Amino acid sequence: MLAWIRRLARRGEPTPGQRAAEGALGRAEAALEEAEARRPLVEAVAAHLRAQRSANHFAERIKAALEGGAQ
């Protein structure tokens, strides 16, 4: 019964768990904003690496064809 009365008296104050959850939510939102801000850079680097891998793949196939290897 006393716990119930204490909860009524504390109404309006966030509990430690609620404060921790609010902090975690704030950090997650900030991390999401940072990730979204970096998205264009990450996509550009990924496109560059994809192009390099493709060029490397074709160079290896041409080299293998010229050397008589099967690929």
Side-chain angles (χ1 to χ4, degrees):
M1 178 100 165
L2 289 176
W4 183 78
I5 293 172
R6 285 187 197 127
R7 272 187 255 135
L8 280 178
R10 264 195 314 175
R11 195 171 273 180
E13 289 181 27
T15 64
Q18 289 171 329
R19 285 192 296 271
E22 288 173 2
L25 179 61
R27 290 189 302 275
E29 289 172 341
L32 178 61
E33 288 176 11
E34 290 175 11
E36 288 174 348
R38 286 191 309 263
R39 181 184 301 264
L41 177 63
V42 170
E43 287 177 348
V45 169
H48 177 72
L49 290 174
R50 216 175 1 260
Q52 290 295 323
R53 184 181 63 217
S54 178
N56 220 9
H57 172 70
F58 288 118
E60 287 176 4
R61 290 190 64 178
I62 290 171
K63 181 179 176 184
L66 292 175
E67 292 177 350
Q71 258 316 16

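Every value quoted in this text rests on a predicted model; they were computed, and no experiment measured them.
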Output side-chain donor-acceptor pairs under 3.5 Å for residues 38-60, partner residues at least two apart or in another chain, one line each.
none

Those residues that, when tested against Gln18, pass side-chain contact (heavy atoms from CB on, under 4.5 Å) (two or more places apart):
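If we apply the side-chain contact (heavy atoms from CB on, under 4.5 Å) test to Gln18, skipping adjacent residues, the hits are Pro14, Thr15.
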Does Leu32 sit in a hydrophobic cluster with other residues, and if so which ones, taking ILVMFWY side chains as linked at heavy-atom separations under 4.5 Å, directly or through other members?
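Members other than Leu32 - counting any ILVMFWY side chain reachable under 4.5 Å - there are none.
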